[in-house]
Amino acid sequence: MRAALTLCAAAILTLTVVAVPTCADAQAATELGAVPRFQLELSVIDAPFNGENGIPTFPSMEQSLQLSNDFYRLAHWGVLSAWGNGSTTRRTLGGLTITLFDFISMTLPGGMGWLHEEWHRAVMSRREISSYNDIYNLELGAEVIAVSQVSDRKLAQLKAQHPAEFVRLAAAGMEAQIEQNATIERDNFFGGSRLFIEPLLVLNFFSISSYLGACSSKDANDVTDRANEQDGRNVPKRDFTGLDCDAWVYDLHRPREAYAERGEHPSGVGIDRYIRHADLTRDEKHFLRLQYYLSHLNFVDPQIVGFRHFRLPDPLSTGDLFINANVRHYLTSFGYALDLNVLAQRAPYNMALIAHSYFNRDAYRPGLELMLERLPFSIGRRVIYLSPRLLFWLQPRNQDFYTRAVTPGVLARLKASYPIVPWFELFASVEGKTEGWVAGNVYLDANLSARMGASFVVY
């Protein structure tokens, strides 16, 4: 938590210093309802998560995503500002510096690895399971990075009482990385941030595919055996699950198997948490290998190679229309999801239309989502920016991998951002959902959440 607050403070201090001199330009942009190039934002309150069951809990999925995104936005902006936007050589050196930074920062607090582990922790925190993100140990050469300090008893309770959440727990880290790319890309498309986001996008997608590839091969056995040997009899040192993908597919296929049936740890102390590739059945291995192949659909994305948008002819002469599209693959609590995302912009409308496809073992079910970003709404001489979101879905009943029964669901959100001064905004949002899996929302059951926070805006 200290590292997260340090990141936030650094972002606030740096942006305050550089934003104040450009206040006049930003004022003109704000009055016109312009989309900012990028924002640094943090939900100071995310309720009920931050006080779930009366226990202070930080960060939520949304908060850790915001902190990690701010970490990268600020770093990329700083590097590009330092190198300047002059010669081709300086721009190239700036790009190489960013690529190196993104690679090194994967296992630093605030980086994509930190975010990956924080989303695992958020799923457990929601059920009062304490844990520790080993990213803070700064073991840069570690073969695997653990979420440690988790008891066998708590994991057994989670598996018994909330089996779908237990499956989602193993997949939440990769879900975080997909969502990071989604939010960064929307900034890039709508605001034209030009922060050279391509290395971050590629590293996130590549790490997911390579992780799934490693889990679905015999190499996973050796990695797991070495981890068990290193952990020894020290239960608090152990990761909560070992290799995420193997644990995910194992419990996806065995929702009613008691956690203790994993057997005794090789050291003789505690439960054998880590699932080896050899522990999987033939069907489980095939299903996991399918996810590895499907993960490459994430690379069907023009933004990873620098195509921020495409301009379409406008027969009505009412303004330029820009579009882009991509495909996303997620591991879920019931199987997997494939999304087709279409981004469109015609001032003042910034739209995202998403066709969702949800799969369990034998069935496909659809979903449809519409998002609007920063729609200006005038109140007197002031402007408030509204960002509504509406999502409908059909998903497997009880998030079950085997069922053909269906449960319909809906999510609705409204976010309002109010500029105090052109470079500083306060925002609040309310989001309600019925039962179902939604990327970035920790709740699989029905929930109503409210968030409040602040943004530093760069035009």
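Worth knowing before you read on, the calculation uses all heavy atoms, side chains too, and leaves out hydrogens, waters and symmetry mates.
- For the pair Lys154 and Arg127, the minimum side-chain heavy-atom distance is 4.5 Å or more.
- Across every non-hydrogen atom of Met452 and Ala428, the tightest pair is CG-CB, 4.0 Å.
- Between Arg73 and Val458, the closest side-chain pair of non-hydrogen atoms is not below 4.5 Å.
- Between Phe196 and Val79 there is no side-chain heavy-atom pair separated by less than 4.5 Å.
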* Going through the checks in order, is the side chain to side chain contact (heavy atoms under 4.5 Å, CB included) test met by Leu243 and Tyr211? -> CA-CA 9 Å; Leu243 295 181; Tyr211 198 2; 3.9 Å; yes
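- Nearest heavy-atom pair, Ala176 versus His116, reported as atom, atom and distance to 0.1 Å: CB-CA, 4.4 Å.
- Side-chain contact check for Phe240 versus Leu169: some heavy-atom pair is nearer than 4.5 Å.
- Between the side chain of Arg311 and the backbone N or O of Phe322, no donor-acceptor pair lies under 3.5 Å.
- Panel note: side chain Glu425, backbone Ser455; no donor-acceptor pair is recorded below 3.5 Å.
- In this structure, Glu175 contributes its side chain and Gly440 its backbone to a donor-acceptor pair below 3.5 Å.
- Within 6.0 Å of the CZ atom in Phe310, the count of heavy atoms belonging to other residues, nucleotides or ligands exceeds 12.
- Of the possible donor and acceptor atoms, none in the side chain of Asp134 sits under 3.5 Å from a partner among the backbone N and O of Ile145.
- Here the closest heavy-atom approach between residue Ala352 and residue Leu343 is recorded as CB-CD2, 3.7 Å.
- Between Leu368 and Ala355, the shortest heavy-atom contact is CD1-CA, 4.4 Å.
- In summary, the side chains of Glu118 and Ser64 do not present any donor paired with an acceptor at a separation below 3.5 Å, with no hydrogens or angles considered.
- Between Phe101 and Phe71, the distance separating the two ring centers is shorter than 6.0 angstrom.
- Judged by distance alone, the side chains of Asp102 and His76 do bring a donor and an acceptor atom under 3.5 Å apart.
- Residues Ala122 and Val442 approach most closely at O-CG2, 3.8 Å, considering heavy atoms.
- In this structure, the side chain of Asp301 engages the main chain of Gln303 through a donor-acceptor pair within 3.5 Å.
- Using modelled atom types, one finds no donor on one side chain facing an acceptor on the other under 3.5 Å when comparing Trp114 with Ser68.
- Cation-pi geometry between Arg374 and Tyr385 is met: under 6.0 angstrom from the ring centre, within 45 degrees of the axis.
- You'll find the side chain of Leu65 reaches within 4.5 Å of the side chain of Trp119, heavy atoms only.
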* Starting from the C-alpha separation in whole Å, work towards a yes-or-no answer on side chain to side chain contact (heavy atoms under 4.5 Å, CB included) for Glu369 and Arg389. => CA-CA 7 Å; Glu369 180 174 357; Arg389 177 188 185 190; 2.5 Å; yes
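- The existence of a salt bridge linking Glu41 and Lys415 is confirmed by a sub-4.0 Å separation between a basic side-chain nitrogen and an acidic carboxylate oxygen.
- For the pair Arg346 (side chain) and Leu321 (backbone), a donor-acceptor distance under 3.5 Å is absent.
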* Verdict with reasoning, Thr57 to Met124, per side chain to side chain contact (heavy atoms under 4.5 Å, CB included) -> CA-CA 11 Å; Thr57 307; Met124 291 188 284; over 6 Å; no
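- A 4.5 Å side-chain heavy-atom check between Leu138 and Pro109 finds at least one atom pair inside the cut-off.
- Between the CG atom of Asn69 and the CG atom of Leu200 there is a distance of 8.0 Å, given to the nearest 0.5 Å.
- Ser105 and Tyr72 form a side-chain donor-acceptor contact under 3.5 Å, judged by distance and modelled atom types alone.
- Remark: the backbone N or O of Ile135 is paired with a side-chain donor or acceptor of Asn133 at under 3.5 angstrom.
- Side-chain N or O atoms of Asn298 include one that pairs as donor or acceptor with a backbone N or O of Ser295 at under 3.5 Å.
- At least one donor-acceptor pair under 3.5 Å links the side chain of Arg273 to the backbone N or O of Asp239.
- Of the N and O atoms on the side chains of Asn324 and Glu185, not one donor lies less than 3.5 Å from an acceptor on the other residue.
- Residues Leu252 and Gly335 come closest through the heavy atom pair CD1-N, 3.7 Å.
- Using modelled atom types and a 3.5 Å distance limit, the side chains of Gln177 and Asn204 yield a donor-acceptor pair.
- Ring centroid separation for the pair Phe456 and Phe424 comes in under the 6.0 Å cut-off.
- At least one side-chain heavy atom of Tyr418 sits less than 4.5 Å from a side-chain heavy atom of Arg382.
- The aromatic rings of Phe334 and Tyr358 lie perpendicular to each other, with more than 60° between the two planes, well past the 30° mark.
- With rounding to the nearest 0.5 Å, the separation of NE2 in His329 from OH in Tyr336 is 7.5 Å.
- Gln291 CD to Leu288 CG: the interatomic distance, rounded to the nearest 0.5 Å, is 7.5 Å.
- Put simply, the side chain of Tyr443 reaches to within 4.5 Å of the side chain of Pro48, judged on heavy atoms.
- Rounding to the nearest 0.5 angstrom, the gap separating the NZ atom in Lys433 from the CG atom in Leu391 is 9.5 Å.
- Defined by atom type and a distance below 3.5 Å, a donor-acceptor pair is present between the side-chain atoms of Gln66 and Ser43.
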* Begin with the C-alpha distance, continue with both residues' side-chain angles, and end with the deciding distance and a verdict on side chain to side chain contact (heavy atoms under 4.5 Å, CB included) for Tyr330 and Leu338. => CA-CA 7 Å; Tyr330 295 87; Leu338 295 175; over 6 Å; no
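- Enclosure of atom OH in Tyr364 by more than 12 non-hydrogen atoms of other residues, nucleotides or ligands within 6.0 angstrom is indicated.
- His356 NE2 to Trp437 CH2: the interatomic distance, rounded to the nearest 0.5 Å, is 8.0 Å.
- We find the OG-CG distance between Ser429 and Leu414 to be 8.5 Å, quoted to the nearest 0.5 Å.
- At most 12 heavy atoms of other shown residues, nucleotides or ligands fall within 6.0 angstrom of atom CZ in Phe206.
- Checked against the 6.0 Å centroid criterion, the rings of Phe38 and Trp77 qualify as a close aromatic pair.
- Applying the side chain to side chain contact (heavy atoms under 4.5 Å, CB included) test between Leu390 and each of Leu372, Val410, Leu411 identifies Val410 as the sole match.
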